[in-house]
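Written out below as C-alpha cells is the structure these notes cover.
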2 protein chains.
Amino acid sequence: MDIRERKMKILHAIIKDYIATAEPVGSRTLAKKYNLGISPATIRNEMADLEEMGFLEQPHTSSGRVPSDKAYRIYVDQLMKVEKINKVIEETINKEYESHVGELDKIISQTSKILSNLTNYTSLALTPQLCSASIKHIQLVPLQEDKILMVIISKEGVVRNVVINIDKKINSDTLIKISNVLNELIRRSSILQFEQEVFDILNVLNEEERILLRDIIPIIKDTLSNNDGIKVYTNGITNIFNFPEFKDLEKAKEFIDLWEQKNILVQLLSSGTDDGINITIGSENKMDEVRECSLITATYQLNGRTLGTIGVIGPTRMEYSRVVGLLNHLTGQLNELVKRTLID
Amino acid sequence: MDIRERKMKILHAIIKDYIATAEPVGSRTLAKKYNLGISPATIRNEMADLEEMGFLEQPHTSSGRVPSDKAYRIYVDQLMKVEKINKVIEETINKEYESHVGELDKIISQTSKILSNLTNYTSLALTPQLCSASIKHIQLVPLQEDKILMVIISKEGVVRNVVINIDKKINSDTLIKISNVLNELIRRSSILQFEQEVFDILNVLNEEERILLRDIIPIIKDTLSNNDGIKVYTNGITNIFNFPEFKDLEKAKEFIDLWEQKNILVQLLSSGTDDGINITIGSENKMDEVRECSLITATYQLNGRTLGTIGVIGPTRMEYSRVVGLLNHLTGQLNELVKRTLID
DNA sequence: TGTTAGCACTCAATAGTTGTGAGTGCTAAT
DNA sequence: ATTAGCACTCACAACTATTGAGTGCTAACA
C-alpha cells in the first residue's frame, strides 16, 4: 500500500470522525472505529507526520488531533464523496415548495427555510440583484411638484422604487416623454453609455428635458450598483448554539451580530466567484468575523444569467458532503421554479 | 410616617437596586445603601409583608428579594421619576440624525440604531404601514400580456408594488382608464366601499373593464391589510447577552429566534394600544416568547395620524425611567424629522 | 526497515469536600 | 413598634482527588 495513500486514508478518517463528533480524535479510537488494518502506534506516527505537514492540530499536548482548514480543503477537493439526496428528502423539498409557486420572493425565502431545516446550519438566500442588462421597463410617476417616483422593472420581475428630487416643477407630459426615451434606450441596451451614441433619440427632447434626463441617468446607475434592493432571507441563526465551537458566548455574539448588517451578508454571499458551488473554509474567508466558519454557496440562474445566491454557514467542521449534495439538488429545483415563475 | 409610604419607599429602593445590580437584594444591603432610617430587621418585616402582597419574590429561602412584574408595574405607574435627557445625549442624537435627513427609511433605521446604542437594549423600529386613508396615488403598469404591476403610493411617501396576474390580455388604454377610476375613487376616499356609491365614475368603463376593476379592488384591500410592506429595523440583538438573566443559552436562543420572523415583531410592536408611550412588563405580554422581557414602545405621527412604532425590548429589570425619558425625547425629534421629510 | 507493544507522562473534565458570606425568620429586650 | 442577637439556609467559589483518553518514546519483532 502506498504510503501516501495510507496517510490520506487516516486523514480522511480523522476528518469524518471530527465532523461527526466535534471531539479531538485519538489514535486508539481511530483504530477501533475504522478498520485501517494498522495499530494505534502506527497511526500515531502518521498523525505526527500529518501534523508536521499542517493538516492536523493538537489543542493540547495530551489530546487527540483536530483537522486544520488545510485539511478540510483537501477533504473538500479530493477526499469527500458528495452525498446523493434520498427520496424522502426529495419529497420533503417538493412539498415545501408546493405552496409557494408564483412569487419569486416567496420561493427564495422558502429555499432559505428548507436549507436550514435540512442542514441544521444557518442559511442565507439572496433575491436577484438589478443589473443594467436585465432592465425591462422604467416608469416615471409624478409624486409631488418637485418629486418623481421612478419604478424600475427587471426582466426577472424584480421591481425597484426610487424617489427622485428635482429642482424644478415638471408636468406629466415631460415625464412621459422622458419615460419613452429611457425605455427606448433600454431597448437599445445602451442606457449606461447613452451619451455617445443615441443623439437621434434625444432629438425629441428639448433642452430642459435633456437636463432632466441627464440628472436621472446617474441615479439609475446608482440604483443598479448598490445592494439596497437585494433582500436577504435567513433562517436558523440560533442553530449555531448547537455547535460546541460556539458555546463561547463571545463567539456566538460575534456571529449573531453579523446578521444585523444586510450589507455584510450580501458581500459574504457574493464573494464566491464561480457559478455553481463555492466552498470557503475558515481562514480562507476575507472577513474576520467568519474566520471560524465555513460557507457553502450556490447560485441560481435564468437563461444562463446568474440571478442570485443561496448558501449555508456553519462551523468549519461542517458536513460538507451532505450540504453540497443538498445544494446541488436544491439549485436544480430552484432554477426550474424560477424559470416557471418568471416566464409564465 | 405613614406605614404605607414606608413600604413603598422600601419597594422603590429594592426595585432601583435590583435594576442596577441584577442581584437579589437583602435587608442589610438595603439599610446600608439607602438611608431609610430603619434597621435591617424592620426592613425584613416589611419585606415579608411585601412578599405576601405579591410585590416581591424570593429565588430561594436564604437569598434576598427580587421584584415581581406587579412591582415593576407599580414602579412604572407611580414610583419612578422619568429621567430627563441631558445635553450631551441630546447632541449625540442630533449628530446621529444629521446625515440621514431626506429619506424616511433611513431616518427610521437610524432611530433604531440610536435607541440601541443609547440604551444598550435591543431596539426595534417599524416603517409606516400603508392604510386606505393614506393612499395618494395608484399606478398600473403593464408588465406582460397577462400581468400588471400596481404601484401604490401613500401620502407619507411609502411605495408598495404588487404584481397582479389576470386572465385576459389587456392593453394599456384599459389600464389607463382603470387607473383613472382608481385615483378618482381615492380622491373621494371611498376606494374600499366603492360599490355602493360611485356608479357615476364607473360609467366610463365598459363591462370588461369593470370586471377587471372588481378583481383589482380586493387585491388593494389585501395589500393594505397585510404587513408585508412594513420594514422592521432592529439593532443590538446581542445586547441581551449582557444581561445575566439571559446567560442561560436556551433563553437567549428563544429570544434570538424571535428575530427571524418579521411578522411576530410587527405584531409585538403594534400591540400597544395607546399613542404615546406604552410599557408592557413580562407576564403582561401576550406572547410566550417574551414573558421574561419588558417592552417599551412609542409611536411617531404626522398630522395627528400614527404612522409607526419604535421600541426597546429587554429584561423586565429594565431601566424604565431612562428608556422612557429617551423615547419621549426621541419621538419628538422623529416627528419633527418625519414632518420635514414628508412635507418638503 | 516498517510496525507494534509497553510504559511513563500529560492534561481536561468530573465529582466530592469544605469554607465563606449574604441572606433569612424568630425571639426577647428596648 | 423597633431592633439586636442568634441559629439556620443555601449558592458559590476554591481546593483536591480521581479518572480516562490521549501522547511520545523505546525496544522488540517480522
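- Listed nucleotides dT2(D), dT23(D), dT4(C) differ in distance to Met47(A); the shortest reach to its side chain belongs to dT23(D).
- For the pair Leu56(B) CG and dG25(C) P, the computed distance is 11 Å after rounding to whole Å.
- Closest approach to the Asn45(A) side chain among dT9(D), dT4(C), dT24(C) is made by dT4(C) (side chain taken as heavy atoms from C-beta onward).
- In this structure, Gln58(A) atom CD and dA21(D) atom P are separated by 17 Å, rounded to whole Å.
- For dG2(C), neither phosphate oxygen OP1 nor OP2 lies less than 4.0 angstrom from any side-chain nitrogen or oxygen of Arg6(A).
- Not one side-chain nitrogen or oxygen of Ser63(B) sits closer than 4.0 Å to the OP1 or OP2 atom of dC10(D).
- Residue Ser39(B) places at least one side-chain N or O under 4.0 Å from the OP1 or OP2 atom of dT3(D).
- For Ala41(B), counting side-chain heavy atoms from C-beta on, the closest listed nucleotide (dA5(C), dC11(C), dT3(D)) is dT3(D).
- Other residues, nucleotides and ligands contribute only 12 or fewer heavy atoms inside 6.0 Å of the CD atom of Glu292(A).
- In this structure, CD1 of Ile43(B) is placed 15 Å from C1' of dG25(C), rounded to the nearest angstrom.
- Along DNA chain D, the nucleotide closest to Pro40(B) and the one closest to Pro59(B) are compared, and the more 5′ of them pairs with Pro40(B).
- Counting non-hydrogen atoms of neighbouring residues, nucleotides and ligands closer than 6.0 angstrom, the CG atom of Asn35(A) reaches no more than 12 such neighbours.
- Contacts between residues 19-33 of chain A and DNA chain C, counted as heavy-atom distances below 4.0 Å, involve no residue at all.
- The CD-P distance, from Glu5(A) to dG2(C), rounds to 18 Å in whole Å.
- The listed nucleotides are dT24(C), dA4(D), dC10(D); the one nearest the side chain of His60(B) is dC10(D).
- Counting to the nearest Å, the P atom of dG23(C) and the CD atom of Glu57(B) are 18 Å from each other.
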Can you list, pair by pair, the side-chain donor-acceptor contacts under 3.5 Å of residues 25-33 of chain B, counting residues two or more places apart and other chains?
residue  : atom : partner  : partner atom : Å
Ser27(B) : OG   : Arg44(B) : NH1          : 3.1
Lys33(B) : NZ   : Asp17(B) : OD1          : 2.7

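- One distance of note links CZ of Phe55(B) with CD1 of Ile14(B); it measures 11.5 Å at 0.5 Å rounding.
- A donor-acceptor contact under 3.5 angstrom links the side-chain atoms of Ser62(A) to the base of dT10(C).
- When distances run from any side-chain atom of Arg44(A) to the nucleotides dA5(C), dG25(C), dG24(D), the shortest one goes to dG24(D).
- In summary, of the residues considered (Ile296(B), Leu269(B), Ile114(B), Leu327(B)), a side chain to side chain contact (heavy atoms under 4.5 Å, CB included) with Ile310(B) occurs for Leu327(B) alone.
- When distances run from any side-chain atom of Thr61(B) to the nucleotides dT24(C), dT9(D), dC11(C), the shortest one goes to dT9(D).
- A cation-pi arrangement is absent between Lys253(A) and Phe241(B) under the rule of less than 6.0 angstrom and at most 45 degrees off the ring axis.
- Each of Asn235(A), Asn117(A), Thr234(A) was checked for a side chain to side chain donor-acceptor pair (under 3.5 Å) with Ser112(A), and the lone residue meeting it is Asn235(A).
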